[in-house]
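Naming: A, B, ... by sequence-line order, numbering from 1 per chain.
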Number of protein chains: 2
Amino acid sequence: MSIGVPRLLVMSRSGADLALLLLGGFRTLVDGAMVELAARGYEDFRPTHEFAMRAIIAGADSASDVGRRLSISKQAAAKTIAVLVARGYVSSDPDPSDARRNRIQVTARGLDVLREGEAVFEDLRARWEETLGAAELAHLEASLVKLVGRATVDPEAPGWVGQDGIAGEK
Amino acid sequence: MSIGVPRLLVMSRSGADLALLLLGGFRTLVDGAMVELAARGYEDFRPTHEFAMRAIIAGADSASDVGRRLSISKQAAAKTIAVLVARGYVSSDPDPSDARRNRIQVTARGLDVLREGEAVFEDLRARWEETLGAAELAHLEASLVKLVGRATVDPEAPGWVGQDGIAGEK
DNA sequence: CTCAGATAGACAACTAGGTTGTCCATCACC
DNA sequence: GGTGATGGACAACCTAGTTGTCTATCTGAG
């Protein structure tokens with residue numbers, strides 16, 4: 001492996017490192033949360049699912065709707081919803097007033113996992129508050145809000161990571 | 001869609017929102033960088049590629065090496081390297097002193113894209129510095145370092161997002 | 001009242017970036 | 001010189017997306 005090869009030319013990295021830092025923070029939180037949720041009996045729950053379910057709770061009641069809310073294709077949304085239904089987090093019934101639609105809803109179990117998930121994230125945040133101090137963490141959050149806006153809070157377009165495309169119908 | 005459905009029970013979200021903020025920050029930076037790099041003629045460059053190339057520069061000179069450095073399987077590393085080679089960012093030649101190995105190296109074009117990428121990230125960071133002030137941005141970075149450690153700077157295990165598994169040989 | 005156009009959803013094929021498992025060739029060492 | 005570790009190739013699979021195509025149904029204009 002020839003370890004210890006010199007970094008050949010410095011190449012300042014603060015911009016890219018900042019991105020890495022943000023990713024690291026996100027991953028630390030999310031990975032921790034997934035581990036904790038698995039331990040609480042939700043082994044098959046994935047971050048994506050949370051976004052989809054929140055979209056449903058926020059008012060999306062069809063797969064296409066969820067797709068629009070999350071800025072992913074309706075097909076992708078339908079796939080996610082299919083696994084959510086298969087795992088009992090979401091129900092899907094034909095819409096009596098529109099035969100094209102399947103009306104989807106978050107089940108009791110779905111609400112449970114969301115609630116637990118939030119508690120878990122709250123715990124993790126509390127742990128960060130310990131190592132950083134409440135003021136500093138609040139400061140960090142405020143800075144991030146200034147940079148990326150409130151957009152994330154009502155999660156328009158997560159699109160996850162570097163997918164670079166926006167869904168378009170045909 | 002029945003817009004305006006009430007948020008039914010408050011469910012504090014600050015922990016999860018913090019994660020979303022971090023993700024949002026990362027995506028803002030990376031998406032911006034990819035757009036800018038594409039505009040500069042590197043249309044086929046992906047964030048993953050940067051990690052792999054940095055691993056190579058840092059001393060990994062075989063696919064298995066890269067895999068170890070990035071904590072992904074050697075197969076995954078080999079795939080990434082294959083596209084890097086196909087696109088001219090990396091070269092691969094049989095190792096004269098070990099017939100099993102393919103000795104890989106970052107090409108001139110590869111170094112170019114890395115250099116440009118860093119410049120792009122630097123620009124983006126400068127923009128953030130404008131909207132936030134140098135002190136506040138430095139503060140934010142310091143806080144993140146405290147939380148996630150220096151680990152990210154020499155990128156051990158990006159593993160990207162929520163993949164939850166670590167590579168293991170057989 | 002009909003018909004054109006929009007919409008919902010299903011199905012298929014594809015991509016990126018990973019994972020396992022299996023296998024062979026080569027190397028290093030006792 | 002044989003045994004075990006290593007490098008790499010190949011194949012099959014997974015997740016979270018993408019496009020494209022197709023049908024069924026609804027809606028609004030005339």
Side-chain angles (χ1 to χ4, degrees), chain A residues 1 23 27 30 34 44-52 60-87 92-104 157-170, chain B residues 1 23 27 30 34 43-52 55 60-87 92-104 157-170:
Chain A
M1 202 196 245
L23 177 60
R27 284 210 35 147
V30 168
M34 287 307 120
D44 51 6
F45 199 71
R46 312 234 149 272
T48 329
H49 299 163
E50 163 136 13
F51 288 108
D61 66 346
S62 73
S64 294
D65 255 10
V66 171
R68 275 189 293 268
R69 293 238 180 190
L70 301 182
S71 297
I72 61 176
S73 63
K74 61 179 181 174
Q75 293 89 334
K79 273 192 206 178
T80 303
I81 290 166
V83 342
L84 249 13
V85 169
R87 294 178 185 175
S92 171
D93 313 278
D95 185 330
S97 73
D98 185 340
R100 291 171 307 176
R101 292 176 95 103
N102 280 333
R103 201 132 76 177
I104 57 181
W160 229 219
V161 74
Q163 219 65 34
D164 89 358
I166 285 298
E169 185 70 359
K170 197 174 278 185
Chain B
M1 201 194 240
L23 177 60
R27 285 210 37 149
V30 168
M34 288 305 119
E43 307 232 359
D44 50 6
F45 199 71
R46 311 233 150 273
T48 328
H49 300 161
E50 162 134 13
F51 288 108
D61 66 345
S62 73
S64 293
D65 256 9
V66 171
R68 275 189 293 270
R69 291 240 181 189
L70 300 182
S71 298
I72 60 176
S73 63
K74 61 178 181 176
Q75 292 91 332
K79 273 191 205 179
T80 303
I81 289 166
V83 341
L84 250 13
V85 168
R87 295 180 184 174
S92 171
D93 312 277
D95 185 329
S97 74
D98 185 340
R100 291 170 306 175
R101 291 175 95 102
N102 280 334
R103 201 133 74 175
I104 57 180
W160 228 220
V161 72
Q163 219 65 35
D164 89 0
I166 284 300
E169 186 68 0
K170 196 176 277 186

Gap between atoms [atom1] and [atom2], on [X] and [N] respectively (whole Å):
X: B:F51; N: C:dG18; atom1: CZ; atom2: P; answer: 9 Å
X: B:R46; N: D:dT18; atom1: CZ; atom2: P; answer: 14 Å
X: B:L70; N: C:dA16; atom1: CG; atom2: C1'; answer: 16 Å
X: B:Q75; N: C:dG21; atom1: CD; atom2: C1'; answer: 9 Å
X: B:K74; N: C:dC23; atom1: NZ; atom2: P; answer: 14 Å
X: B:D44; N: C:dT15; atom1: CG; atom2: C1'; answer: 15 Å
X: A:D98; N: C:dT7; atom1: CG; atom2: C1'; answer: 8 Å
X: A:F45; N: D:dA16; atom1: CZ; atom2: P; answer: 11 Å

Per nearest nucleotide of DNA chain D, the residue lying toward the 5' end, A:T80 or A:A99, is A:T80
Give me the atom names and distance for the closest heavy-atom approach of [X] to [Y].
X: A:A63; Y: A:A77; answer: O-CB, 3.4 Å
X: A:F45; Y: A:M34; answer: O-SD, 3.4 Å
X: B:D44; Y: B:R87; answer: O-NH1, 2.6 Å
X: A:L70; Y: A:A52; answer: CD1-CA, 3.9 Å

Strictly below 4.0 Å: does [X] bring a side-chain N or O up to OP1 or OP2 of [N]?
X: A:S73; N: D:dG17; value: no
X: B:R100; N: C:dC23; value: no
X: A:S64; N: C:dG9; value: yes
X: A:S62; N: C:dG9; value: yes

NA contact type, [X], heavy-atom cut-off 4.0 Å: base, sugar-phosphate, or nothing?
X: B:A63; value: sugar-phosphate
X: B:A78; value: nothing
X: B:N102; value: sugar-phosphate

Identified side-chain contact (heavy atoms from CB on, under 4.5 Å) partner of A:S62 from the options A:R103, A:K74, A:R100, A:R101:
A:R101
